[in-house]
Asker: 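First the structure, then my questions, so here it is.
Everything numeric in this text was worked out from a predicted model, so none of it was measured.
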Amino acid sequence: MKLTVYLGLALQVLALYVQALRIFQTNENGWAALYFRTLSNLLRANGHDIFAMAPAQNHPGSGKELGKPAFRKKPCDYDACPPNSRRWGYNGSRTDLIWINAYPVVAMEYGIQRFSREYWNGEAADIAITGVNHGAALWMNLHFPGGVKARRLGC
């Protein structure tokens with residue numbers, strides 16, 4: 001709750017200087033994670049154009065994991081996507097919210113290089129963000145989170 005309030009205030013101050021950014025968002029805890037969706041909704045409510053793509057399931061500490069998306073055999077976390085489905089899929093009510101059956105770094109790579117550009121008619125994101133993640137990415141753990149790895153790779 002506190003984080004949402006502070007983030008909301010920070011975004012409102014930022015909105016005084018910047019209007020309607022195209023923001024690509026991902027995380028390592030999966031597309032159904034509460035913090036991920038809350039941040040996405042908050043950014044949209046502040047007038048930004050959001051495109052969010054995250055792993056179908058929680059992948060904590062998977063920073064070194066790469067590879068191509070695979071077909072799903074099991075449902076996503078919280079049954080947010082069906083079993084035996086494609087490698088990625090959309091939210092039924094929001095085409096700007098996509099799950100991908102891959103690790104966080106791959107979600108950022110595919111999201112920035114392919115899906116968000118299709119969504120924005122060839123335009124690139126103004127900024128890419130990762131998180132908000134469950135738990136802390138501090139000190140020694142900073143090298144392991146997938147969202148941090150994606151940022152460090154500059155996808």
Asker: Please check this pair: side chain of Ser40 against backbone of Phe36, looking for a donor-acceptor N/O pair closer than 3.5 Å.
Answerer: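 No, Ser40 side chain to Phe36 backbone: no donor-acceptor pair under 3.5 Å.
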Asker: Give the intermediate values and the outcome of side-chain hydrogen bond (donor to acceptor under 3.5 Å, both in side chains) for residues Arg87 and Asn101.
Answerer: CA-CA 5 Å; Arg87 294 178 284 209; Asn101 193 34; over 6 Å; no
Asker: Say you draw a straight line from CD1 of Ile127 to NE2 of His48; how long is it, rounded to the nearest 0.5 Å?
Answerer: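 If I round to the nearest 0.5 Å, the distance is 9.5 Å.
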Asker: So, taking the atom named CG in Asn84 and the one named CZ in Arg72, what distance separates them when rounded to the nearest 0.5 Å?
Answerer: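 If I round to the nearest 0.5 Å, the distance is 10.0 Å.
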Asker: Kindly work out whether a path of hydrophobic side-chain contacts (I/L/V/M/F/W/Y, heavy atoms less than 4.5 Å apart) joins Leu97 to Trp120.
Answerer: no
Asker: Taking all heavy atoms of Phe24 and all of Gly111, pick out the closest pair and write down the distance.
Answerer: CE1-CA, 3.5 Å
Asker: Looking at Asp126 and Arg22, does any basic side-chain N land under 4.0 Å from a carboxylate oxygen?
Answerer: yes
Asker: Give a yes or no on whether Ile112 and Trp99 share a hydrophobic cluster (residues Ile, Leu, Val, Met, Phe, Trp, Tyr; joining criterion: side-chain heavy atoms under 4.5 Å apart).
Answerer: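 Not linked; separate clusters.
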Asker: Given side chains that start at C-beta, do those of Ile98 and Phe51 come closer than 4.5 Å, heavy atoms only?
Answerer: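 Result yes, sub-4.5 Å side-chain heavy-atom pair found.
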Asker: Measure the CZ-CD distance between Arg37 and Gln25 for me, rounded to the nearest 0.5 Å.
Answerer: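 Answer for the CZ-CD pair, Arg37 versus Gln25, is 10.5 Å.
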Asker: Determine the interplanar angle of the Trp88 and Phe115 rings, folded into 0 to 90°, and report it as parallel if under 30°, tilted if 30 to 60°, perpendicular if over 60°.
Answerer: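 Perpendicular.
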Asker: Tell me, do Ile100 and Trp31 make a side-chain contact under 4.5 Å, heavy atoms counted?
Answerer: no
Asker: Just verifying a value: how many Å separate Leu34 CG and Leu39 CG, rounded to the nearest 0.5 Å?
Answerer: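 Leu34 CG to Leu39 CG: 11.0 Å, rounded to 0.5 Å.
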Asker: Using the side chain to side chain contact (heavy atoms under 4.5 Å, CB included) rule, take Thr95 and Tyr119 through it: C-alpha gap first, then chi angles, then the decisive distance, then the call.
Answerer: CA-CA 9 Å; Thr95 58; Tyr119 181 77; 4.0 Å; yes
Asker: Using side-chain heavy atoms (C-beta onward) and a distance below 4.5 Å, is Pro82 in contact with Pro75?
Answerer: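 When only atoms from C-beta onward are counted, Pro75 and Pro82 do not touch, as no gap falls below 4.5 Å.
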Asker: How long is the span from the OG atom in Ser116 to the CD1 atom in Ile23, to the nearest 0.5 Å?
Answerer: 12.5 Å
Asker: I want to check something: taking the side chain as every heavy atom from C-beta on, are Ser85 and Phe71 in contact at a cut-off of under 4.5 Å?
Answerer: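 Heavy-atom side-chain distance check fails, nothing below 4.5 Å.
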Asker: Go through the steps for Arg94 and Asn41 under the test side-chain hydrogen bond (donor to acceptor under 3.5 Å, both in side chains), then give the verdict.
Answerer: CA-CA 11 Å; Arg94 284 184 53 190; Asn41 292 337; 2.8 Å; yes
Asker: Between Asn46 (side chain) and Leu42 (backbone), is there a donor-acceptor pair under 3.5 Å?
Answerer: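 Indeed, once roles are kept as given, a pair shorter than 3.5 Å links the two residues.
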Asker: For Ala102 and Pro55, which heavy atoms make the closest approach, and how far apart are they?
Answerer: O-CB, 3.3 Å
Asker: Tell me, do Leu43 and Ile129 make a side-chain contact under 4.5 Å, heavy atoms counted?
Answerer: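 Sidechains of Ile129 and Leu43: in contact.
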Asker: Working to the nearest 0.5 angstrom, can you tell me the gap between Thr130 OG1 and Met108 CE?
Answerer: 5.5 Å
Asker: Okay, side chain of Thr26, backbone of Met53: is any donor-acceptor separation there less than 3.5 Å?
Answerer: yes
